[in-house]
Amino acid sequence: MARRPRATFEAAPDRPPDQPPAPATMPAPRAFSSPRHTGKGFAMSWLSVKDALQAAPGSRATVKGWVRTRRDSKAGLSFINLSDGSCFGALQVVAPADLSNYESEIQKLTTSCSIEADGEIVASQGKGQSVELKADAIRVIGWVDDPDTYPIAQKRHTFEYLREVAHLRPRTNTIGAVARVRHTLAMAVHRFFHERGYFWIHTPIITGSDCEGAGQMFRVSTLDLVNAPRTNEGGVDFAQDFFGKETHLTVSGQLNVETYCMALSKVYTFGPTFRAENSNTSRHLAEFWMIEPEMAFCDLAGDADVAESFLKYLFKAVLEERPDDMAFFNEHIDKTVIETITHLIDTPFERMTYTDAVARLEKSGEKFEYPVQWGLDLQSEHERFLTEKLVKKPVILMNYPKDIKAFYMRQNDDGKTVAAMDVLAPKIGEIIGGSQREERLDVLDRRLDEMKLNKADYWWYRDLRRYGTAPHAGFGLGFERVIQFVTGMANIRDVIPFPRTPGNSEF
RNA sequence: UCCCCGAUAGCUCAACGGUAGAGCGAGCGGCUGUUAACCGCUAGGUUCUAGGUUCGAAUCCUAGUCGGGGAGCCA
């Protein structure tokens, strides 16, 4: 996998590569000076914990952050573990008893007080850290006004409990690590596609087509729920609604992104997606982020190749860029995550037709609760057995019976199957679902008729097949499921900052 | 939405029809270049909600709410 070329912006590491160069008159941000306004935004002039931990002993520094723990020593000093979220680790700030506010403030610091500290980076005398900050001034920015009721105590909490204090949970080791990994993966998603000439298309969040397939939708309306306008037939008159018709939150950007695919060739969506299903599982959210690439002049085999290299790129990025957080997940969440994803990076994914998968499941002799039979969709237990026991790695299943798949999937020559694929991963099951799309208008129309869908509703989608149609393919990837897989986090509600699930929209 | 399990101190749990407890956290004190610190003391409860059974309910019954595991739906 080609790494991002770095030479172009090494000269200015503080500045993202896509921003214009700073004017020569503007001084480059320097650490160790006091905050100032530059007219170009607030300059971050203190040192992040991340940088402080790598700083050379002897340098002066100011750090800011939140107290993780405080330990007093009668030898005349206190140890403050300070975290600012810039990395997994915390900086040990050593506060000598001769600080003017030592007794009045330092000894009263509790978990999650915010402070700033000036001092010198020194080699640590103790074990557990190589450098620490020997403070000569510590200012308390924000107290914890009642430590007894502060919800995140200095102890282990269950994730279920932490969800009830979602506004404070990012201060914990685990949720902080998840947030950094989530960011790294998001950046890697854009980088992967950008490097390969894909364009990010902002497909709409609000959709007027109720024909997106895939499940229950949330209604978007400004109508008065109590006194909704009525049609002559007694139904709600959506002609008087904001958009003049029924609208919902999108369940997929695919249909819309296909239009840009038929112009820009390689495109993708990455944004929030909404499903109003009453799903109560560790793998479902009502609001989640989905990535949907779409490639013109591409068939199912090409689609599968992109899916595989995409996943491997993401795994590699997270191992390279977040070794601190990944070490934590591997130690405390799932002792196999690093081994698992390292292995996957080098292992070709298994490719198997649906028909072969059914045959192998039948031959396995395994007793399943639900029957395995050609024509029926595979159950979770079947998928898990396939990927966890039978082949022990991700499996790309292809060419499913047409009756269990969506109308837009391309019909194969056998007349029985469509060019669909699912990427199944150990532990979390289906991580990607995709297909080659039906580009032949007559075949598409026949499918719409068979499935009793109204052709008129799909007029613009059908137009793509009338005006310069081309074979194309794509897939959808649940972003949170990738984060789950990479971190080993068992519940999808703990890998998104504010989970939306049935009955839960607090925060 | 369906099946199973659960809800007791700030948190994690015990008490299984007869006076509601522990560990951790918190407060105070002691000790210590400490680091999941250690030792002592203290505070902290309308046992999820609403009904019911019983002389007596945290405990048994019914309904609801919320959480977990599994299933369906899917990403």
Side-chain angles (χ1 to χ4, degrees), chain A residues 68-82 89-97 107-108 110-111 122-129 132 134 144 146-165 168 172-173 213-216 251-254 269 272-292 307 332 368-370 377-384 404-406 422-425 428-434 475-485 490-493 496 501-504 506:
Chain A
R68 273 284 170 73
T69 62
R70 188 201 86 237
R71 293 176 297 278
D72 300 325
S73 168
K74 278 298 178 301
L77 65 167
S78 290
F79 300 95
I80 298 163
N81 263 73
L82 191 71
L91 176 69
Q92 176 156 285
V93 175
V94 181
Q107 290 196 298
K108 297 193 167 88
T110 58
T111 300
V122 297
S124 180
Q125 296 173 35
K127 290 178 182 138
Q129 61 279 320
E132 60 195 21
K134 189 169 181 298
V144 169
D146 183 4
D148 192 32
T149 60
Y150 176 64
I152 313 255
Q154 183 200 329
K155 57 163 283 181
R156 209 180 115 55
H157 291 288
T158 60
F159 294 130
E160 292 81 21
Y161 168 70
L162 289 176
R163 277 175 225 145
E164 296 170 13
V165 286
L168 297 169
T172 63
N173 280 337
Q216 289 294 111
V251 294
S252 163
Q254 182 201 317
T269 70
T273 310
F274 308 87
R275 306 266 167 101
E277 246 97 42
N278 193 1
S279 287
N280 292 290
T281 81
S282 57
R283 309 184 310 284
H284 288 88
L285 291 164
E287 176 182 277
F288 65 100
W289 286 59
M290 189 153 66
I291 299 146
E292 296 173 290
H332 294 285
F368 296 110
E369 190 183 342
Y370 293 90
D377 210 354
L378 295 180
Q379 302 289 312
S380 288
E381 56 170 344
H382 306 144
E383 295 181 345
R384 246 188 337 219
I404 59 173
K405 289 293 181 182
D422 281 356
V423 180
L424 310 178
I428 56 170
E430 186 182 337
I431 191 168
I432 281 180
F475 60 83
L477 171 77
F479 187 49
E480 284 75 16
R481 290 196 180 167
V482 182
I483 305 172
Q484 272 191 281
F485 186 75
N491 197 309
I492 200 166
R493 301 170 186 202
I496 189 167
T501 51
N504 190 345
E506 190 70 33

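Letters A, B, ... are given to chains in the order of the sequence lines, protein chains preceding strands, and every chain is numbered from 1.
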[X] [atom1] to [N] [atom2], straight-line distance once rounded to whole Å:
X: A:Asn278; N: B:C74; atom1: CG; atom2: P; result: 15 Å
X: A:Gln107; N: B:C31; atom1: CD; atom2: C1'; result: 14 Å
X: A:Leu77; N: B:U32; atom1: CG; atom2: P; result: 12 Å
X: A:Arg70; N: B:G27; atom1: CZ; atom2: P; result: 8 Å
X: A:Gln216; N: B:C73; atom1: CD; atom2: P; result: 14 Å

How far does the [atom1] atom of [N] sit from the matching atom of [M], given to the nearest Å?
N: B:U53; M: B:U46; atom1: P; result: 26 Å
N: B:G25; M: B:C38; atom1: P; result: 7 Å
N: B:A50; M: B:G44; atom1: C1'; result: 27 Å
N: B:C16; M: B:G6; atom1: C1'; result: 15 Å
N: B:U12; M: B:U54; atom1: P; result: 36 Å
N: B:C11; M: B:G70; atom1: C1'; result: 27 Å
N: B:A36; M: B:G68; atom1: C1'; result: 26 Å
N: B:A57; M: B:C4; atom1: P; result: 29 Å

Tell me whether the OP1 or OP2 atom of [N] has a side-chain N or O from [X] closer than 4.0 Å.
X: A:Gln379; N: B:G72; answer: yes
X: A:Ser279; N: B:U1; answer: no
X: A:Arg384; N: B:A71; answer: yes
X: A:Arg163; N: B:C66; answer: no
X: A:Thr158; N: B:U12; answer: yes

What nucleic acid atoms does [X] come within less than 4.0 Å of, heavy atoms only: base, sugar-phosphate, or nothing?
X: A:His284; result: base
X: A:Tyr161; result: sugar-phosphate
X: A:Thr110; result: sugar-phosphate
X: A:Gln125; result: base
X: A:Ile432; result: sugar-phosphate
X: A:Asn491; result: sugar-phosphate
X: A:Gly476; result: sugar-phosphate
X: A:Phe479; result: nothing
X: A:Glu287; result: nothing
X: A:Arg493; result: sugar-phosphate

Among [options], which is the nearest nucleotide to the side chain of [X]?
X: A:Phe288; options: B:A75, B:A71, B:G25; result: B:A75
X: A:Arg71; options: B:C73, B:U34, B:A26; result: B:U34
X: A:Ser380; options: B:A71, B:U32, B:G25; result: B:A71
X: A:Ser282; options: B:U34, B:G70, B:A75; result: B:G70
X: A:Met290; options: B:A75, B:C74, B:C24; result: B:A75
X: A:Glu430; options: B:A75, B:U1, B:G72; result: B:A75
X: A:His157; options: B:U32, B:C11, B:A75; result: B:C11

Next on the checklist: Apply side chain to side chain contact (heavy atoms under 4.5 Å, CB included) to residues A:Asn491 and A:Arg163 and explain how you reach the verdict.
Outcome noted: CA-CA 11 Å; A:Asn491 197 309; A:Arg163 277 175 225 145; 3.4 Å; yes

Item to check | Test side chain to side chain contact (heavy atoms under 4.5 Å, CB included) applied to A:Phe159 and A:Arg493, step by step | outcome: CA-CA 9 Å; A:Phe159 294 130; A:Arg493 301 170 186 202; over 6 Å; no

Checklist entry - Looking only at heavy atoms, which two atoms of A:Arg70 and A:Lys108 are closest? And how far apart? => result NH1-C, 3.8 Å

Item to check | Contact pattern, 5' to 3', of nucleotides 39-48 of chain B - B, S or - by protein heavy atom under 4.0 Å | outcome: ----------

Donor-acceptor pair, [X] side chain versus [Y] backbone, under 3.5 Å?
X: A:Gln92; Y: A:Ile80; value: no
X: A:Glu277; Y: A:Gln216; value: yes
X: A:Glu480; Y: A:Trp289; value: yes
X: A:Tyr370; Y: A:Glu381; value: no

Would you state whether a donor and an acceptor, one from the side chain of [X] and one from the base of [N], lie under 3.5 Å apart?
X: A:Gln129; N: B:U34; value: yes
X: A:Asp72; N: B:U34; value: no
X: A:Glu132; N: B:G33; value: yes
X: A:Glu277; N: B:U1; value: no

Can you tell if the side chain of [X] reaches within under 4.5 Å of the side chain of [Y], non-hydrogen atoms only?
X: A:Leu168; Y: A:Tyr150; value: yes
X: A:Phe79; Y: A:Val93; value: no
X: A:Arg481; Y: A:Ile492; value: yes
X: A:Gln125; Y: A:Lys134; value: no

Item to check | Pair pattern of RNA chain B in dot-bracket, where unpaired bases get dots and | marks partners in another strand, Watson-Crick or G-U under 3.5 angstrom | outcome: (((((((..((((....[..)))).(((((.......))))).....(((((..]....))))))))))))....

Item to check | Steps toward side chain to side chain contact (heavy atoms under 4.5 Å, CB included) verdict (A:Asn280, A:Thr501) | outcome: CA-CA 8 Å; A:Asn280 292 290; A:Thr501 51; 5.6 Å; no

Checklist entry - Stacking here means centres under 5.5 Å and planes under 30°; does A:Tyr150 stack on B:G10? => result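 Answer is no, no stack.
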
Checklist entry - How do A:Pro502 and A:Gln92 order along RNA chain B: which one's closest nucleotide is nearer the 5' end? => result A:Gln92

Checklist entry - A:Val94 or A:Lys108: which one's nearest nucleotide on RNA chain B is closer to the 5' end? => result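 Closer to the 5' end of RNA chain B: A:Lys108.
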
Item to check | Between A:Ser78 and A:Gln107: side-chain donor-acceptor atoms closer than 3.5 Å | outcome: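 The criterion, which ignores hydrogens and geometry beyond distance, is not satisfied for A:Gln107 and A:Ser78.
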
Item to check | Among A:Thr111, A:Asn173, A:Thr172, side-chain hydrogen bond (donor to acceptor under 3.5 Å, both in side chains) partner for A:Arg68 | outcome: A:Asn173

